[in-house]
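Here the structure comes first, spelled out in structure tokens, and everything after it is commentary.
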Number of protein chains: 2
Amino acid sequence: MHEHDLPISEKIKYLQDTLFTISGKWKLPVLMAMYSGASRFTDIQRNVAAITTKVLSKELKDLEEHHLIVREVDRTYPQTISYTVTPYAFTLKPMVDEMISWGKTHRLKIADKLA
Amino acid sequence: MHEHDLPISEKIKYLQDTLFTISGKWKLPVLMAMYSGASRFTDIQRNVAAITTKVLSKELKDLEEHHLIVREVDRTYPQTISYTVTPYAFTLKPMVDEMISWGKTHRLKIADKLA
DNA sequence: CTGTATCCATGATGATACTG
DNA sequence: CAGTATCATCATGGATACAG
């Protein structure tokens with residue numbers, strides 16, 4: 001059964017579930033930075049321009065609650081914290097890639113004053 | 001050139017463009033209702049459960065500004081208003097379908113107490 | 001039917017400073 | 001380095017009533 005067979009109300013329900021999980025301006029950018037290899041708090045912050053420590057801290061907690069990332073205290077000296085994306089988080093990647101692709105095209109269209 | 005060749009800063013920029021365009025809880029559910037054929041204000045409102053007229057009105061204006069829908073006054077008597085999705089709006093559909101698909105799976109995982 | 005007008009509540013985001 | 005603490009502001013959304 002493919003998605004287009006679902007009743008519209010179901011589609012919207014699932015869509016809203018997803019929107020809730022990724023809500024806000026920052027969760028996906030943070031995830032993107034982590035897909036690309038950033039695992040330290042400061043690295044992530046540097047990659048996601050303009051995000052403040054307070055907001056990043058909150059987003060990381062939200063992502064952890066949703067089981068999309070894992071926070072680990074490394075047994076090193078001095079101790080460091082590393083965040084890693086879970087396999088589950090990678091199930092979001094096709095969607096994120098599609099969003100990047102759309103955004104890139106969209107920006108070109110806007111430059112042309114759109115259609 | 002594929003998306004994974006882009007520098008991370010570019011990816012995040014495009015991602016944020018897309019997030020900005022679809023921002024909020026309602027734009028995509030409204031678009032989904034319209035993909036499925038709803039074209040009248042009341043029809044859309046009935047399909048997108050719990051959305052208020054004020055919010056729907058605002059979302060429709062936003063979507064129109066982004067050239068994703070078109071508002072038309074039908075030359076009927078009495079006059080009716082119809083909203084239709086533009087071809088451009090359909091370029092978002094793969095992303096929306098992916099979100100529906102992910103949300104469906106996600107809901108199952110949550111039911112299983114997730115992984 | 002297709003909206004507008006208020007008023008209000010909440011959450012999200014931002015600026016800045018500070019800490020172990 | 002990896003955060004927390006405050007304070008402030010702003011955007012989003014919701015309730016309700018009303019109007020052409």
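Chain A is the first sequence line, chain B the second, and so forth, proteins listed ahead of strands; every chain is numbered from 1. Computed from a predicted structure; not experimentally measured.
Scanning for side chain to side chain contact (heavy atoms under 4.5 Å, CB included) contacts around E98(B) gives P94(A), M95(A), with sequence neighbours left out. Legend: residues meeting side chain to side chain contact (heavy atoms under 4.5 Å, CB included) with S9(B), ordered by chain and number and at least two apart, are P7(B). Among residues two or more places apart in sequence or in another chain, the salt bridge (Lys or Arg N to Asp or Glu O under 4.0 Å) test is passed with R46(A) by D43(A). Applying the side chain to side chain contact (heavy atoms under 4.5 Å, CB included) criterion to F90(A), with sequence neighbours excluded, gives Y35(A), V85(A), K93(A). With sequence neighbours excluded, no residue forms a salt bridge (Lys or Arg N to Asp or Glu O under 4.0 Å) with E64(A). The salt bridge (Lys or Arg N to Asp or Glu O under 4.0 Å) search around K27(B) returns E59(B), D62(B), not counting sequence neighbours. Applying the side chain to side chain contact (heavy atoms under 4.5 Å, CB included) test to T105(B) and every residue at least two apart in sequence or in another chain returns K109(B).
When distances run from any side-chain atom of R40(B) to the nucleotides dG3(D), dC1(C), dG3(C), the shortest one goes to dC1(C).
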Atom pairs and distances, side-chain donor-acceptor, residues 69-76 of chain B, under 3.5 Å, sequence neighbours left out:
unit_1 : atom_1 : unit_2 : atom_2 : d
R71(B) : NE     : Y83(B) : OH     : 3.4
D74(B) : OD1    : S82(B) : OG     : 3.3
D74(B) : OD2    : T80(B) : OG1    : 2.9
T76(B) : OG1    : P78(B) : O      : 3.0

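I100(A) places a side-chain heavy atom less than 4.5 Å from the side chain of D97(A). Annotation: side chain of L31(A) is in contact with side chain of L92(A) (closest heavy-atom distance under 4.5 Å).
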Expected string for nucleotides 6-20 of chain D under the B/S/- scheme (protein heavy atoms, under 4.0 Å, primed atoms plus P, OP1, OP2 as sugar-phosphate) is BB-----BBB-----
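If you take CZ of R46(B) and C1' of dG3(C), they are 17 Å apart, rounded to a whole angstrom.
Between the side chain of T91(B) and the backbone N or O of P87(B) there is no donor-acceptor pair closer than 3.5 Å. With hydrogens and angles ignored, the 3.5 Å screen pairs no side-chain donor or acceptor of S57(B) with any backbone N or O of T53(B).
Of the residues in residues 28-36 of chain B, not one places a heavy atom less than 4.0 Å from an atom of DNA chain D. Contacts with DNA chain D (heavy atom under 4.0 Å) in residues 69-81 of chain A: R71(A), I81(A), listed by number.
Side-chain contact, H106(B) with Y14(A): no donor N or O sits under 3.5 Å from an acceptor N or O.
An angle of 50°, rounded to 10°, separates the two end axes of the helix from dC1(C)-dG20(D) to dG20(C)-dC1(D), each defined over five pairs.
Between dA2(D) and S57(A), no contact under 4.0 Å exists linking OP1 or OP2 to a side-chain N or O.
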